[in-house]
2 protein chains.
Amino acid sequence: MNGDKLRSVSEKTINRLSLYRRLLENRFGKGHEHVFSHELAELACVTPAQVRRDLMCVDNSGSTSRGYSVQELVREITAVLDAPGGQRIALVGVGNLGRAILSYFSGRRPGIAITAAFDSDPSLAGRVINGCRCHPMSELSEVLRGSEIGAAIVAVPASAAQDIADRLVAAGVRGILNFAPVPLKVPEGVFLEHRDMTMSLETVAFFARRSLGDAE
Amino acid sequence: MNGDKLRSVSEKTINRLSLYRRLLENRFGKGHEHVFSHELAELACVTPAQVRRDLMCVDNSGSTSRGYSVQELVREITAVLDAPGGQRIALVGVGNLGRAILSYFSGRRPGIAITAAFDSDPSLAGRVINGCRCHPMSELSEVLRGSEIGAAIVAVPASAAQDIADRLVAAGVRGILNFAPVPLKVPEGVFLEHRDMTMSLETVAFFARRSLGDAE
DNA sequence: GAATATCTGTGAAAGCAATCACAGATAGTT
DNA sequence: AACTATCTGTGATTGCTTTCACAGATATTC
Ligand SMILES: NC(=O)c1ccc[n+]([C@@H]2O[C@H](COP(=O)([O-])OP(=O)(O)OC[C@H]3O[C@@H](n4cnc5c(N)ncnc54)[C@H](O)[C@@H]3O)[C@@H](O)[C@H]2O)c1
Ligand SMILES: NC(=O)c1ccc[n+]([C@@H]2O[C@H](COP(=O)([O-])OP(=O)(O)OC[C@H]3O[C@@H](n4cnc5c(N)ncnc54)[C@H](O)[C@@H]3O)[C@@H](O)[C@H]2O)c1
């Protein structure tokens, strides 16, 4: 297909494509069969030029007068983002955050499902939470290999996070979404996203304060 | 102090300063009174030049031969990031995610505390969760005004998020950390951080798949 | 005390990402 | 059918972020 273009798409563009798709899905059927770049831009809080740039990597052609067909656009973005048969994700660490994540993603996105959870707490082993089975850590490699899971969420305490990441990579995982407040080292070729809430909150606090100061 | 430099510091630099500080705090006392830029870079998974650039906005001078004094550096970063008397944050939406956040931040960072929570669910009103009092929505403006809260976390369903943001801004909030999966519109001068987990997870899944494809 | 080694701080260069601005397309209007 | 208005797709440009590379600083060695 359009593999050449995809090879060089930036992370930021993929982020926005994910957002565009959801915004479009929400609107479809509500009298909006078509959408202009400036409308989608308004929804996503970006510029129209940004939207058009991002859409250059999907195999789509907008009409000059009607804009983009919402349905087609969703289909084309899905062709880029989703694995053909859907993608399975693992979760490691079924504590407060892990459970919130399980409940949130349960059945939310068609193309993505958290199908296996792991925790060192023996009382969790064998339990099914929001349709997802919890396994003991000893089964990590076996379950991951057996179910073609290529990506995982890390929600264990900071002290355990690097070790977990190493084991995930060893088991074939090539993408990690890390919520532990510590940067992880992964080999070349493994995609890593560090979502550090302390960082986010301290940054928001800083700019809020600066904004208040500016206003004085 | 060094207010001029701070006026122009980028969000990314503030993010990393927050991270540097935590990494330094973890190390201090464990035989590491001093640290070189390349050591801190290794911990933070960035380049040494990046570390030195970032530190240009704090009032610090590293020694050529010993590097930076860990204690001094933490103090200097704190002078930049933290409000002198500590900063109070509000949380709106005490559901699965909101509760996880409350438990996580409870007593975690000295300079930041979530001191008020709000939820429309009447059964939560008056309860104290992890040391934080839950208020009914009707008290939002009053409580925020009365306690000099300048920043807030939004963890309500997407359908309510924009309305909540408007009310927060009206009550004087100048920084919002948004976990609802919808972009929010805020006036100029209000700092907004959108932490969209669906976006993050779909992006990780995409690059994991691409990485697997590349390897074939 | 000169030579060496290795650091920091930073101007300059390189690399990325967002925006501008316009050619070409398409429909509606007269 | 020519004119107007408004859209998309994209080369060129601008702006931001990171990295390079080196001057100047400081300790150590011989
Ligand atoms: N709760 C939040 O809102 C929040 C916010 C930001 C970051 N985090 C981070 O996310 C991670 C989890 O936070 P939480 O609040 O859910 O903590 P938690 O203590 O509630 O849960 C941690 C879970 O990990 C499991 N665990 C511990 N060590 C393990 C190991 N070696 N292997 C497998 N499982 C292990 C525990 O049994 C527990 O179930 C932490 O790193 C935390 O810093 C949490
Ligand atoms: N749970 C997760 O891990 C997760 C992950 C990503 C994003 N999110 C987002 O975070 C938000 C909260 O998720 P959750 O899982 O905690 O949902 P939840 O349903 O468990 O909690 C939502 C809370 O918001 C309250 N609420 C609803 N409407 C409100 C209103 N108008 N004013 C004030 N409070 C109101 C509810 O009473 C409830 O307590 C959602 O937008 C969700 O999409 C959650």
Side-chain angles (χ1 to χ4, degrees), chain A residues 2 4-20 24 32-73 76-77 80 183 191 194 199 203 207, chain B residues 2 4-20 24 32-70 72-73 76-77 80 183 191-192 194 199 203 207:
Chain A
N2 49 358
D4 283 354
K5 283 185 222 163
L6 285 186
R7 196 100 353 212
S8 60
V9 186
S10 75
E11 182 183 338
K12 301 204 164 193
T13 291
I14 295 297
N15 265 287
R16 285 185 298 259
L17 288 179
S18 160
L19 177 60
Y20 298 157
L24 291 169
H32 293 104
E33 313 302 315
H34 290 266
V35 70
F36 292 118
S37 64
H38 65 260
E39 294 173 319
L40 185 47
E42 166 74 16
L43 292 173
C45 297
V46 299
T47 64
Q50 181 77 79
V51 169
R52 296 201 299 276
R53 239 324 134 211
D54 288 334
L55 294 182
M56 280 176 72
C57 76
V58 312
D59 245 349
N60 187 284
S61 193
S63 139
T64 297
S65 48
R66 253 160 301 144
Y68 305 88
S69 153
V70 173
Q71 207 166 15
E72 266 183 48
L73 203 44
E76 295 297 345
I77 294 178
V80 171
F191 183 86
H194 182 200
M199 208 155 100
T203 300
F207 283 104
Chain B
N2 49 359
D4 284 354
K5 284 185 223 164
L6 284 186
R7 195 100 354 212
S8 60
V9 186
S10 76
E11 182 184 338
K12 301 201 166 201
T13 291
I14 294 298
N15 264 287
R16 284 186 297 258
L17 288 179
S18 160
L19 176 60
Y20 297 157
L24 291 168
H32 294 102
E33 313 301 318
H34 290 266
V35 70
F36 292 119
S37 63
H38 65 260
E39 293 173 319
L40 185 47
E42 166 73 15
L43 292 173
C45 297
V46 299
T47 64
Q50 182 78 81
V51 169
R52 295 200 300 274
R53 239 326 130 202
D54 288 334
L55 294 182
M56 279 177 73
C57 76
V58 312
D59 246 348
N60 188 284
S61 193
S63 140
T64 299
S65 49
R66 254 160 301 146
Y68 304 88
S69 152
V70 174
E72 266 183 47
L73 202 46
E76 296 296 345
I77 294 177
V80 170
F191 183 85
L192 178 67
H194 182 201
M199 209 156 97
T203 300
F207 284 104

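Every heavy atom of this structure was used, including side-chain atoms; hydrogens, water molecules and symmetry mates were not. Everything numeric here is computed off the predicted structure, so don't read it as measured data. The sequence lines fix the lettering, A, B, ..., with proteins before strands; numbering per chain opens at 1.
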Considering every strand and a 4.0 Å limit on heavy-atom distances, what is the contact class for A:Ser61: base, sugar-phosphate, or nothing?
sugar-phosphate
Length of the line joining A:Asn60:CG and D:dC7:P, which is rounded to integer Å
17 Å
Distances for protein N or O near nucleotides 26-30 of chain D N or O, under 3.5 Å:
from	atom 1	to	atom 2	distance (Å)
D:dT26	O3'	B:Ser65	OG	3.4
D:dA27	OP1	B:Arg66	NH2	3.2

Closest approach of B:Asp59 and B:Glu76, non-hydrogen atoms and distance?
O-CD, 3.4 Å
So, does B:Glu72 use its side chain to make a donor-acceptor pair with the main chain of B:Ser69 at under 3.5 Å?
no
pair B:Leu55-B:Leu73: side-chain heavy atoms closer than 4.5 Å:
yes
Go through it in stages, so that I can follow the logic: the residues are B:Leu17 and B:Ile14, the test is side chain to side chain contact (heavy atoms under 4.5 Å, CB included), and I'd like the CA-CA distance, side-chain angles, deciding distance and then a yes or no.
CA-CA 5 Å; B:Leu17 288 179; B:Ile14 294 298; 4.3 Å; yes
A:Leu40 side chain reached by A:Val46 side chain, heavy atoms, under 4.5 Å
no
To the nearest angstrom, the NZ-P distance between A:Lys12 and C:dT19 comes to 11 Å
Distance below 4.0 Å between A:Gln50 side-chain N/O and C:dT19 OP1 or OP2
yes
Please give, in whole Å, the distance from D:dT8 P to A:His34 NE2?
12 Å
Rounded to whole Å, how long is the line connecting atom CZ of A:Arg52 with atom C1' of C:dA21?
10 Å
Within this structure, what is the CG-to-P distance between B:Asp59 and C:dG9, rounded to whole angstrom?
12 Å
How long is the line joining CE of B:Met56 and P of C:dT10, in whole Å?
4 Å
Would you say B:Thr47 reaches D:dT19's phosphate, i.e. side-chain N/O to OP1/OP2 under 4.0 Å?
yes
Looking at every non-hydrogen atom in both residues, tell me the closest pair between A:Val80 and A:Cys57 and how far apart they are.
CG2-O, 4.2 Å
Restricting to non-hydrogen atoms, name the atom on B:Thr203 and the atom on A:Phe191 that form the minimum distance, rounded to 0.1 Å.
CG2-CZ, 4.2 Å
What's the CG-C1' distance between B:Leu55 and C:dT8, to the nearest Å?
10 Å
Taking all heavy atoms of B:Gly62 and all of B:Tyr68, pick out the closest pair and write down the distance.
CA-CD2, 3.5 Å
Do the side chains of A:Leu24 and A:Val35 get nearer than 4.5 Å, heavy atoms only?
yes
For nucleotides 12-16 of chain D, which of its nitrogen or oxygen atoms have a protein nitrogen or oxygen under 3.5 Å away, and what is each distance?
from	atom 1	to	atom 2	distance (Å)
D:dA12	N6	A:Arg53	NH2	3.1

Over all strands shown, is A:Asp54 touching base, sugar-phosphate only, or nothing at heavy-atom distances under 4.0 angstrom?
nothing
Grab the CD1-P distance between A:Ile14 and C:dC16 for me, whole Å please.
17 Å
